[in-house]
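Just so it is clear, the model here is predicted, and its values are computed rather than measured.
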Amino acid sequence: MLGTIILMPLAGDNDLMEKKRLILTLVLLLSITYTVDASAAPVSVPLPAVYATSEGEVGVLTNLTVWVTNGTGHVFVDTAPFTQVDMQGSARLSSMVACDITGIDPETRDFFYVLHTDSPVIGGPSAGASMTVATVAALKNWTIDPGVVMTGMINPDGSIGAVGGISAKLNASAEKGAHTFLIPAGQGNMTITEHIIKHEGPFVTIEENPVTVNIISLGKKQGVRVREIDDLRDAIRIYTGYEIPKVLLTGEVQTKAYMDAMQPLAATLLDESRVQYDDTDAVVDPGFEGVLESQILAIKDAQEDYDAENYYASMSRSFNTMINLRHIRWYSEYLVSDDTDEYLSDLIERVENEISDAELAIDEAKSKNGVLEGIGAAESRLTIAREKLDDAKRAENAGGAIKLLAFSMERARSAQWWATLSCAGTRDAITDDLIRDRAGRYYSQAASMLAYADALISETGGCKTLIVVATDDLSRARSELHAGYYAGAIYDSLHAMVQANTAIELIGMADLDEKVNNSERDAISAIISARESGAEPILAVSAYEHAKILEPSQTGKIVDYGYAKMVARTAQSFTGQGNVTAIYKTNISEYTHNNARNDLYGDAHDKEEGADRCPAQTPALHGCGVLASIVAVYLIRRVRW
């Protein structure tokens with residue numbers, strides 16, 4: 001998770017003594033912070049923007065400077081004048097994607113974005129791709145070509161999203177001497193609106209005339225080469241001369257160890273569902289006989305998944321079947337009970353006892369250093385069980401209450417399953433302080449990404465359902481933080497992030513087939529990479545299996561695969577191994593490995609041809625040092641003696 005601090009310009013202050021005190025503070029800060037270890041030099045990149053006038057859009061180039069230092073995952077944004085909130089969202093997303101593509105753990109860096117412009121208030125989405133390139137360059141200590149300008153939104157998967165105002169941005173870039181202008185793929189032809197002003201006596205009329213403009217031809221007329229790109233890696237190569245290969249690992253997702261852990265539980269749940277069916281059949285109310293019969297097919301499907309060794313899919317089907325069977329049985333018994341109020345009270349007590357048992361199971365798993373993601377899954381399900389129990393107590397009718405109680409009961413039982421599964425593997429002890437800190441960071445990160453995604457969806461249109469689900473995930477994570485269920489907060493925050501990221505990625509996307517395939521490949525690679533670092537990502541594999549076997553919709557598959565990828569990388573980060581890094585050289589496209597590593601993952605890139613193009617390292621700008629430098633730059637520009 002990356003915390004964000006926004007540094008706002010100082011208000012106009014004519015007090016000479018106050019200015020002197022500020023300068024003295026900066027001197028003290030700089031005297032302390034410039035003695036720490038070295039980090040990469042700052043990187044500056046031009047950002048094209050537009051603002052509206054009465055005569056149409058006007059393009060302008062702004063300047064962005066990016067620092068990256070050793071740190072703890074914070075994102076600092078300094079803007080003058082003030083920009084829209086989505087600029088902060090763009091900065092946060094840029095740091096995430098840059099770390100993802102370079103294989104650097106964002107928790108080990110702090111990111112500083114300084115934007116100064118003379119233009120009116122501007123927004124952030126169209127600057128995202130350029131910001132990400134600058135962040136990558138800062139992370140790798142690479143120089144960039146100042147004659148390249150780019151406009152495009154960055155998506156969480158590294159693709160470049162469509163933006164507006166391209167012709168105005170091109171004009172501004174050409175005026176400032178750019179030789180190359182990068183735009184999102186498919187936006188080579190744009191329709192713009194010309195405003196024709198006519199004066200007829202005392203009247204002035206403005207006509208709007210739509211005109212199609214070929215951006216590539218427009219660039220040629222101004223001596224600028226316009227190139228369409230659809231992936232961040234292409235932009236990095238054009239800006240820096242370095243190419244980052246996409247490393248994909250392949251191998252078995254469902255290993256023997258994973259299946260050995262899942263198989264006994266899947267078999268137990270199948271047996272329980274059959275017993276529950278028989279018990280329910282003995283007391284079923286005639287009004288539920290049709291629904292009861294349909295559960296036979298559900299049990300059959302679970303058996304087929306079990307026979308195919310898709311044990312998580314089988315467990316998931318059994319879970320849903322037992323919710324339905326419990327609901328049918330309890331409601332049938334309720335209808336013939338002598339005291340319905342007492343019957344409901346007894347059900348509530350039974351569910352409360354099951355929740356208490358789940359709490360004990362989770363505590364035991366923690367004491368045994370169970371796999372963190374298994375504990376997180378258990379805590380998340382326990383939180384849901386409590387939510388449904390509370391909803392049942394507030395339900396307006398018995399039927400609704402019993403349905404919620406049935407769900408709460410089975411969800412509490414599934415929390416116990418996950419607590420048990422977490423003990424199937426072991427991990428090195430992770431301190432409570434680290435888990436709590438990571439939970440808070442991930443929650444804050446998810447909240448920021450959700451706000452950013454919500455703003456984009458509201459502006460451009462997209463899948464609002466994903467935003468709603470992400471909001472529920474985040475609300476649950478907040479409850480878990482308050483309850484001390486920090487592992488649960490981690491994984492619910494991650495799920496909220498995946499939902500928000502997917503909402504952004506799907507904006508304007510019509511054909512989802514390729515996206516589903518790419519998401520699956522990325523999930524497989526992340527799972528294999530986590531295993532090679534010593535982790536067994538059981539929750540990631542389960543999410544993968546759910547996408548592969550159970551999820552019917554393409555959007556749902558993309559979310560599940562995305563969650564599998566993110567959970568696997570989180571498991572890997574807790575092993576202390578970090579993410580995969582790759583060599584960087586020219587003319588490398590994509591590598592696919594069959595569950596094996598070679599020197600691609602070492603530090604060979606430091607020895608590659610062209611490595612001497614990197615500038616020498618400068619004195620460190622660490623934490624407060626960067627902060628002080630940013631404020632110093634601002635004061636130099638603003639203070640007038």
Distance check, rounded to the nearest 0.5 Å: [X] atom [atom1] versus [Y] atom [atom2]?
X      : Y      : atom1 : atom2 : result
Ser493 : Met566 : OG    : CE    : 11.0 Å
Met153 : Ile507 : CE    : CD1   : 4.5 Å
Ser519 : Gln554 : OG    : CD    : 10.5 Å
Ile183 : Ile215 : CD1   : CD1   : 6.0 Å
Thr132 : Ile101 : OG1   : CD1   : 9.0 Å
Asn70  : Thr108 : CG    : OG1   : 7.0 Å

Check your understanding: Would you call the rings of Trp142 and Tyr242 parallel, tilted or perpendicular, where under 30° means parallel and over 60° means perpendicular?
Key -> parallel
Exercise for review: Report the residues that fulfil side-chain contact (heavy atoms from CB on, under 4.5 Å) with Ala129, sequence neighbours left out, ordered by chain and then residue number.
Suggested key: Met150, Ile160
Note, [X] side chain near [Y] side chain (heavy atom, < 4.5 Å):
X      : Y      : value
Ile154 : Leu232 : yes
Thr570 : Tyr442 : yes
Arg109 : Thr69  : no
Phe112 : Pro42  : no
Asp473 : Leu450 : no
Met131 : Leu93  : no
Ile229 : Ile238 : yes
Gln445 : Pro106 : no

Check your understanding: Which pairs, with at least one residue in residues 147-163 and sequence neighbours excluded, count as a side chain to side chain donor-acceptor pair (under 3.5 Å)?
Key -> Thr151-Lys169, Asn155-Ser159, Asp157-Ser159, Asp157-Lys515
Point to revise | Qualifying side chain to side chain donor-acceptor pair (under 3.5 Å) pairs, either residue in residues 218-228, two or more places apart | key: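 Only Asn171-Gln222 qualify under side chain to side chain donor-acceptor pair (under 3.5 Å).
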Check your understanding: Going through the distances and angles, do Leu218 and Ser167 end up as a side-chain contact (heavy atoms from CB on, under 4.5 Å)?
Key -> CA-CA 8 Å; Leu218 181 62; Ser167 59; 4.0 Å; yes
Side chain [X], main chain [Y], donor-acceptor under 3.5 Å:
X      : Y      : value
Ser475 : Thr471 : no
Thr240 : Ile236 : yes
Tyr563 : Tyr491 : yes
Asp78  : Val114 : no
Arg233 : Ile244 : yes

Practice item. Could you go through the side-chain contact (heavy atoms from CB on, under 4.5 Å) check for Leu139 and Phe111 one step at a time? Key: CA-CA 9 Å; Leu139 283 166; Phe111 303 84; 4.2 Å; yes
When you check the side-chain N and O atoms of [X] and [Y], is any donor under 3.5 Å from an acceptor?
X      : Y      : result
Tyr113 : Thr135 : yes
Ser573 : Glu107 : no
Ser90  : Tyr452 : yes

Please find the pair of heavy atoms, one from [X] and one from [Y], that lie closest to each other, and give the distance.
X      : Y      : result
Pro46  : Val149 : CG-CG2, 3.8 Å
Gly152 : Pro184 : CA-CG, 3.9 Å
Asn63  : Thr65  : ND2-OG1, 3.4 Å
Ser130 : Val45  : O-CG1, 4.2 Å
Thr180 : Leu182 : CG2-CD2, 3.7 Å
Gln499 : Ala470 : CB-CB, 3.5 Å

Exercise for review: Start with the C-alpha gap between Asp454 and Ser458, add the side-chain angles, then the distance that decides, and say whether side-chain contact (heavy atoms from CB on, under 4.5 Å) holds.
Suggested key: CA-CA 6 Å; Asp454 193 19; Ser458 298; 3.7 Å; yes
Practice item. Using a strict cut-off of less than 4.0 Å between a Lys/Arg side-chain nitrogen and an Asp/Glu carboxylate oxygen, indicate whether Lys246 and Asp522 qualify as a salt bridge. Key: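 So Lys246 pairs with Asp522 through a salt bridge.
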Practice item. Please step through side-chain contact (heavy atoms from CB on, under 4.5 Å) for the pair His495 and Val559, ending with a clear verdict. Key: CA-CA 8 Å; His495 199 261; Val559 170; 4.1 Å; yes
